[in-house]
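Everything below concerns the one structure shown next.
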Amino acid sequence: MFTIEDHTHMSRALKLAELGKYTTAPNPRVGCVIVKDGLVVGEGFHYRAGEPHAEVHALQAAKERAIGATVYVTLEPCSHYGRTPPCAEALIKAKVGRVVCAMQDPNTLVSGRGIQMLRSAGIEVDVGLLEQDALDLNRAFIKTMRSGLPFVQLKLAGSLDGQTALKNGQSQWITSSQARQDVQAFRAQSGAILSTSKTVIEDNASLTVRWSELPASIQAIYPEKALRQPPRVILDRKQTLTSDLRFFQSQSESIIIAPSNEHFDELDWSKQLELLPIFKTLAKTYSINHLWVEAGATLSRSLIREGLVDELILYIAPKLMGNDGRGLLGDLGLTSLEQAIDLDIKEVRMVGKDLRIIANPISKE
């Protein structure tokens, strides 16, 4: 069904889509390549929500050469009017001959309709080329479209024996500057950064993306003004945040989950907050499909125990702290080894002098 040439051009489209990973949220990352008579005549990728989609950029580059051409796009062309017109309609008007999609769009507003529009217009459409790569590229967008919940990455950092700070609270710095740069890169890719008022107060944290602290490889591609600042979501049940904190000196958007926030009226503020309805509201009301979590042991433990963590990012520093430290998660309430949280380790690598492990919790259901 698919030729070597098809694979080559879709691989290029996927590479283009990756260029939007720091800028497109909450929209998906999409790349597009247009080929005519074996030559690439147009390329494009989606850069930012509200701006033209990948297909539009590629069509603008191809111009009249798009007539009869083959279009490679990493996600089904949209079929509805949002902040921009339908890409399927643009491809029809451009009189392309064939469209190859890596995957169907899980968005119910599209979900096969774009493909059907193209086929009804007499355009050949093939779907499924390098589909897994396309799925991996947009894990957060796809999860939210399918489940109504954001994709959750939990960041933890500690010593080799699992301690995050001394008992007196001293924690700066357990990990290396390279690891902290790596964290900035993860922040920059996220849809929002989640933490607690306790963490914000204790660390006087701003929880922003600091361009000057990003790895040089990212700075070389993205000028400071290009990067978006993810909203900061803070759990503040007891309303302890005060305006003098460094957190409020930033222009970045903040979403405070407190009794004063009307979007969370259904919560029982007298008890520990229920995370599942909070996450559903963040996805539905605030269009957040990707949460990067930096918090203490209490929230981290709750997320893991409630099965809300999709991916764990763990930085391990070459230090030993023994019983003089605070543990990563504290008491999980386990009474047998069968209750332990199993992990599927996806990646292990050195970041500076620290070890970074990326793992997915394995559901016991």
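Remark: side-chain polar atoms of Gln219 are not paired, donor with acceptor, to backbone N or O of Pro215 under 3.5 angstrom. Counting only distance, with no hydrogens or angles, the side chain of Asp161 and the backbone of Leu320 share no donor-acceptor pair below 3.5 Å. Although no hydrogens or angles enter the test, the distance criterion places a donor-acceptor pair under 3.5 Å between the side chain of Ser190 and the main chain of Arg187. Counting only distance, with no hydrogens or angles, the side chain of Arg237 and the backbone of Ala258 share no donor-acceptor pair below 3.5 Å. A donor-acceptor pair is defined here as one N or O able to donate and one able to accept, closer than 3.5 Å; no such pair exists between the side chain of Asp236 and the backbone of Ser197. Of the possible donor and acceptor atoms, none in the side chain of Ser111 sits under 3.5 Å from a partner among the backbone N and O of Pro106. One N or O on the side chain of Thr74 and one on the backbone of Gly31 form a donor-acceptor pair closer than 3.5 Å. When atom types are taken as modelled, the side chain of Arg29 and the backbone of Ala25 share no donor-acceptor pair closer than 3.5 angstrom. Judged purely by atom type and a 3.5 angstrom limit, Arg48 uses its side chain to pair as donor or acceptor with the backbone of Ala226. Judged by distance alone, the side chain of Gln339 and the main-chain N or O of Thr335 form a donor-acceptor pair under 3.5 Å.
Hydrophobic clustering (ILVMFWY, side-chain heavy atoms < 4.5 Å, transitive): Leu275 and Ile288 are in one cluster. By the criterion of side-chain heavy atoms lying less than 4.5 angstrom apart, applied directly or through intervening Ile, Leu, Val, Met, Phe, Trp or Tyr residues, Val293 is grouped together with Ile357 in one hydrophobic cluster. Hydrophobic clustering keeps Phe151 apart from Val309 (ILVMFWY residues linked when any side-chain heavy atoms are closer than 4.5 Å, directly or through intermediates). With hydrophobic clusters built from ILVMFWY side chains whose heavy atoms lie under 4.5 angstrom apart, Val30 shares a cluster with Val125. Criterion: ILVMFWY side-chain heavy atoms under 4.5 Å apart, direct or through other members. Under it, Leu291 and Ile256 are not part of a common hydrophobic cluster.
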Practice task
Would you please test Leu75 and Met103 for side-chain contact (heavy atoms from CB on, under 4.5 Å) and show each step?
Solution key: CA-CA 5 Å; Leu75 185 69; Met103 63 172 287; 3.7 Å; yes
Practice task
Could you please spell out the steps behind the side-chain contact (heavy atoms from CB on, under 4.5 Å) verdict for Gln229 and Gln251?
Solution key: CA-CA 9 Å; Gln229 282 288 349; Gln251 297 300 311; over 6 Å; no
Exercise for the section: Would you sort out whether Leu308 and Phe279 count as a side-chain contact (heavy atoms from CB on, under 4.5 Å), showing the intermediate values? Expected result: CA-CA 9 Å; Leu308 293 174; Phe279 285 6; 4.0 Å; yes
Exercise for the section: Show the numbers, then the answer: is there a salt bridge (charged side-chain N to carboxylate O under 4.0 Å, His left out) between Lys346 and Glu311? Expected result: CA-CA 10 Å; Lys346 297 297 186 181; Glu311 189 168 78; over 6 Å; no
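Thr8 and Ser11 share no donor-acceptor pair across their side chains, judged by distance under 3.5 Å alone. Under 3.5 Å, the side chains of Gln181 and Ser177 contain no donor-acceptor pair of N or O atoms. Asp136 and Gln132 share a side-chain donor-acceptor pair at under 3.5 Å. Side-chain contact annotation: Glu294 with Trp292, donor-acceptor N/O pair under 3.5 Å present. No side-chain donor-acceptor contact under 3.5 Å links Glu55 and His46.
Counting all heavy atoms, side chain and backbone alike, Thr208 lies closest to Ser250 at CG2-OG, 3.3 Å. Contact record, Ala283 with Thr144: CB-CG2, 3.9 Å, taken as the closest heavy-atom pair. Minimum interatomic distance between Ile123 and Gly97 (heavy atoms only, all atoms of both residues): CG2-O, 3.8 Å. Residue Ala13 comes nearest to Cys32 through the heavy atom pair CB-N, 4.2 Å, listed as atom of the first residue, atom of the second, then distance. Here the closest non-hydrogen pair linking Ala157 and Thr175 is CB-CG2, 3.9 Å. Summarising the geometry of Ser243 relative to Gln249, their closest heavy-atom pair is O-NE2, 3.3 Å, with the distance given to 0.1 Å.
Screening residues 94-105 for salt bridge (Lys or Arg N to Asp or Glu O under 4.0 Å) gives Asp6-Arg98, Arg98-Glu124, Arg98-Asp126 as the qualifying pairs, with residues at least two apart or on separate chains. Residue pairs that meet the ring pair (Phe, Tyr, Trp, His ring centres under 6.0 Å) test with at least one member in residues 1-34, sequence neighbours left out, are His9-Tyr72, Tyr22-Tyr222. Listed by first and then second residue, the ring pair (Phe, Tyr, Trp, His ring centres under 6.0 Å) pairs involving residues 243-264 are His263-Tyr286 (not counting sequence neighbours). Pairs of residues two or more places apart, or lying in two chains, never qualify as ring pair (Phe, Tyr, Trp, His ring centres under 6.0 Å) while including a residue from residues 97-125.
In this structure, Asp354 and Pro318 have side chains that are in contact, with non-hydrogen atoms separated by less than 4.5 Å. Here the side chains of Ile201 and Thr240 are in contact, with some heavy-atom distance below 4.5 Å. Side-chain contact check for Leu137 versus Glu18: some heavy-atom pair is nearer than 4.5 Å. With a 4.5 Å cut-off on side-chain heavy atoms, Leu314 and Ile316 count as touching. A heavy-atom distance below 4.5 Å is not found between the side chains of Ile255 and Ile234. Side-chain contact check for Ile345 versus Asn360: every heavy-atom pair is 4.5 Å or farther apart. Counting only heavy atoms from C-beta outward, the side chains of Leu343 and Pro361 approach each other to under 4.5 Å. Tyr315 is listed as a side-chain neighbour of Lys155, based on a closest heavy-atom distance under 4.5 Å.
Around atom CD1 of Ile4, no more than 12 heavy atoms belonging to other residues, nucleotides or ligands sit under 6.0 Å away. The number of heavy atoms from other shown groups lying within 6.0 Å of CD (Gln272) does not exceed 12. Heavy-atom contacts from other residues, nucleotides or ligands closer than 6.0 Å to NZ of Lys319 number more than 12. Atom CD of Gln239 has more than 12 neighbouring heavy atoms from other residues, nucleotides or ligands inside a 6.0 Å radius.
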Would you mind writing out the side-chain donor-acceptor pairs for residues 36-43 within the sub-3.5 Å range, not counting sequence neighbours?
residue : atom : partner : partner atom : Å
Lys36   : NZ   : Ile67   : O            : 2.9
Glu43   : OE1  : Arg12   : NH2          : 3.0
Glu43   : OE2  : Arg12   : NE           : 2.9

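Annotation: the span from Leu273 atom CG to Ile278 atom CD1 amounts to 4.5 Å, rounded to 0.5 Å. Atom OG1 of Thr281 is separated from atom CD1 of Ile257 by 8.0 Å, given to the nearest 0.5 angstrom. A distance of 11.0 Å separates CD of Glu51 from OG1 of Thr24, quoted to the nearest 0.5 Å. The distance from atom CG of Asn107 to atom OG of Ser79, rounded to the nearest 0.5 Å, is 8.5 Å. To the nearest 0.5 Å, atoms CG (Leu194) and CZ (Arg232) are separated by 13.0 Å. The distance from atom CG of Leu235 to atom OG1 of Thr199, rounded to the nearest 0.5 Å, is 9.5 Å.
With sequence neighbours excluded, the residues that form a side chain to side chain contact (heavy atoms under 4.5 Å, CB included) with Ser300 are Leu154, Leu156, Leu329.
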